[in-house]
Amino acid sequence: MGSGLTAAAQAEPFAMSDSTVTACIGELTDSGGPNEAYGNNENLTFTIDAGAPLEVGFFGAIDIEAAAPGSGLLFDFLVLYDGPTTNAPVLDTLFGSISSPPNYTTQGALTVQFVSDASAQPQGFHLFWSANPPPPTPTMTNLDGPG
């Protein structure tokens with residue numbers, strides 16, 4: 001691993017792919033990276049398992065092709081799961097243009113699933129995470145002596 005915060009802050013963001021990472025701090029973009037549109041017909045699952053709860057947020061707006069008006073059918077979407085698989089509870093399902101996406105806190109791992117159809121690829125998303133480890137358990141000292 002690198003030297004913690006400094007190395008992670010200078011690292012390139014991960015691009016959406018079928019993979020699992022254990023980085024305590026990082027960034028994830030759609031498959032097009034931070035400056036390009038995402039691809040057609042994607043169904044990718046990215047898991048972040050840093051061994052601690054995660055604080056998750058987004059850089060800027062989310063721009064993901066939404067549903068056909070009145071159809072209720074999603075074209076493209078991003079699902080955030082509070083756990084290490086897509087069987088974990090859903091934190092949120094994101095699509096459309098969201099100028100100020102919310103922040104999230106997980107119980108542990110975060111699984112990100114991104115699905116796109118065969119048309120229209122907007123800018124997508126750029127999220128970041130930071131592990132929030134619990135405070136260390138204080139050591140117990142047993143003092144034997146007069147008291």
Side-chain angles (χ1 to χ4, degrees), residues 1-140:
M1 302 289 279
S3 60
L5 185 61
T6 304
Q10 295 171 348
E12 287 294 313
F14 292 96
M16 193 68 201
S17 63
D18 287 323
S19 53
T20 299
V21 300
T22 57
C24 291
I25 296 172
E27 299 176 19
L28 175 65
T29 69
D30 58 79
S31 62
N35 302 312
E36 300 294 328
Y38 55 83
N40 287 333
N41 301 313
E42 295 183 350
N43 187 346
L44 303 169
T45 304
F46 189 92
T47 300
I48 304 153
D49 192 350
L54 300 171
E55 300 289 330
V56 181
F58 290 87
F59 290 116
I62 293 173
D63 189 11
I64 297 172
E65 184 188 17
S71 74
L73 299 174
L74 293 178
F75 290 150
D76 302 346
F77 54 92
L78 178 69
V79 184
L80 305 178
Y81 297 92
D82 192 357
T85 70
T86 56
N87 293 323
V90 173
L91 281 170
D92 210 345
T93 301
L94 303 164
F95 55 90
S97 293
I98 304 170
S99 59
S100 297
N103 293 325
Y104 304 90
T105 301
T106 68
Q107 298 296 310
L110 172 72
T111 298
V112 179
Q113 181 181 29
F114 181 74
V115 176
S116 66
D117 67 3
S119 67
Q121 305 81 39
Q123 274 300 116
F125 66 92
H126 186 170
L127 68 76
F128 60 90
W129 74 87
S130 175
N132 188 11
T137 304
T139 55
M140 299 301 283

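We number each residue from 1, following the sequence as shown. What you are looking at is a predicted structure, and each value in this text was computed from that prediction instead of being measured.
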Exercise. Could you walk me through whether T105 and L54 pass side chain to side chain contact (heavy atoms under 4.5 Å, CB included), step by step?
Key: CA-CA 6 Å; T105 301; L54 300 171; over 6 Å; no

Self-check item: Over all atoms of both residues, closest heavy-atom pair of A50 and A131
Solution: CB-CB, 4.0 Å

Self-check item: Separation of S97 OG from I62 CD1 (nearest 0.5 Å)
Solution: 10.0 Å

Self-check item: Point-to-point distance, once rounded to the nearest 0.5 Å, from OG1 of T22 to CD1 of I48
Solution: 11.0 Å

Practice problem: Give, for atom OG1 of T111 and atom CG of D49, the distance between the pair rounded to the nearest 0.5 Å. | Solution: 8.0 Å

Quiz prompt | Pairs meeting criterion ring pair (Phe, Tyr, Trp, His ring centres under 6.0 Å) with involvement of residues 36-56, two or more places apart | solution = F14-F46, Y38-F114

Exercise. Verify, without hydrogens or angle tests, whether W129 (side chain) and A23 (backbone) share a donor-acceptor contact under 3.5 angstrom.
Key: yes

Exercise. Would you give the length of the straight line joining atom CD1 of I25 to atom CD of E55, rounded to the nearest 0.5 angstrom?
Key: 11.5 Å

Quiz item: Where is the tightest heavy-atom contact between Q123 and P34, given as atom of each residue plus distance?
Solution: NE2-O, 3.9 Å

Quiz item: With respect to T47, which candidate in L110, T20, V112 satisfies the side chain to side chain contact (heavy atoms under 4.5 Å, CB included) definition?
Solution: T20

Exercise. Taking E42 for its side chain and G39 for its backbone only, find out whether a donor-acceptor pair lies under 3.5 Å.
Key: yes

Quiz item: Is the side chain of D76 donor-acceptor paired with the backbone N or O of D117 at a distance under 3.5 Å, no angle test?
Solution: yes

Practice problem: State, to 0.1 Å, how close T45 and D18 come at their nearest heavy-atom pair, and which atoms those are. | Solution: N-OD1, 2.8 Å

Quiz item: Out of curiosity, F59 CZ to L127 CG, how far, rounded to the nearest 0.5 Å?
Solution: 9.0 Å

Exercise. Specify the closest pair of heavy atoms between A66 and G96, including all atoms of both residues, with the distance to one decimal.
Key: CB-CA, 3.8 Å

Practice problem: Determine, step by step, whether L78 and I64 satisfy the side chain to side chain contact (heavy atoms under 4.5 Å, CB included) criterion, reporting the C-alpha distance in whole Å, the side-chain angles of both residues, the deciding distance to 0.1 Å, and the verdict. | Solution: CA-CA 8 Å; L78 178 69; I64 297 172; 3.8 Å; yes

Self-check item: Distance, nearest 0.5 Å, that separates CE of M16 from OG of S116
Solution: 10.5 Å

Per-pair distances, 0.1 Å, donor-acceptor, side chain in residues 83-92, under 3.5 Å, sequence neighbours excluded:
unit_1 : atom_1 : unit_2 : atom_2 : d
T85    : OG1    : N87    : N      : 3.1
D92    : OD2    : Y104   : OH     : 2.5

Exercise. Over all heavy atoms of both residues, which pair between P102 and F58 is shortest? Give the atoms and the distance, please.
Key: O-CD1, 3.9 Å

Quiz prompt | Minimum heavy-atom distance between T29 and G33, given as atom pair plus value | solution = OG1-CA, 3.1 Å

Practice problem: Starting from the C-alpha separation in whole Å, work towards a yes-or-no answer on side chain to side chain contact (heavy atoms under 4.5 Å, CB included) for E65 and S119. | Solution: CA-CA 9 Å; E65 184 188 17; S119 67; 3.8 Å; yes

Practice problem: Please report the C-alpha distance between N43 and Q113 in whole Å, then the side-chain angles of each, then the deciding distance to 0.1 Å, and finally whether the side chain to side chain donor-acceptor pair (under 3.5 Å) criterion is met. | Solution: CA-CA 7 Å; N43 187 346; Q113 181 181 29; 3.2 Å; yes

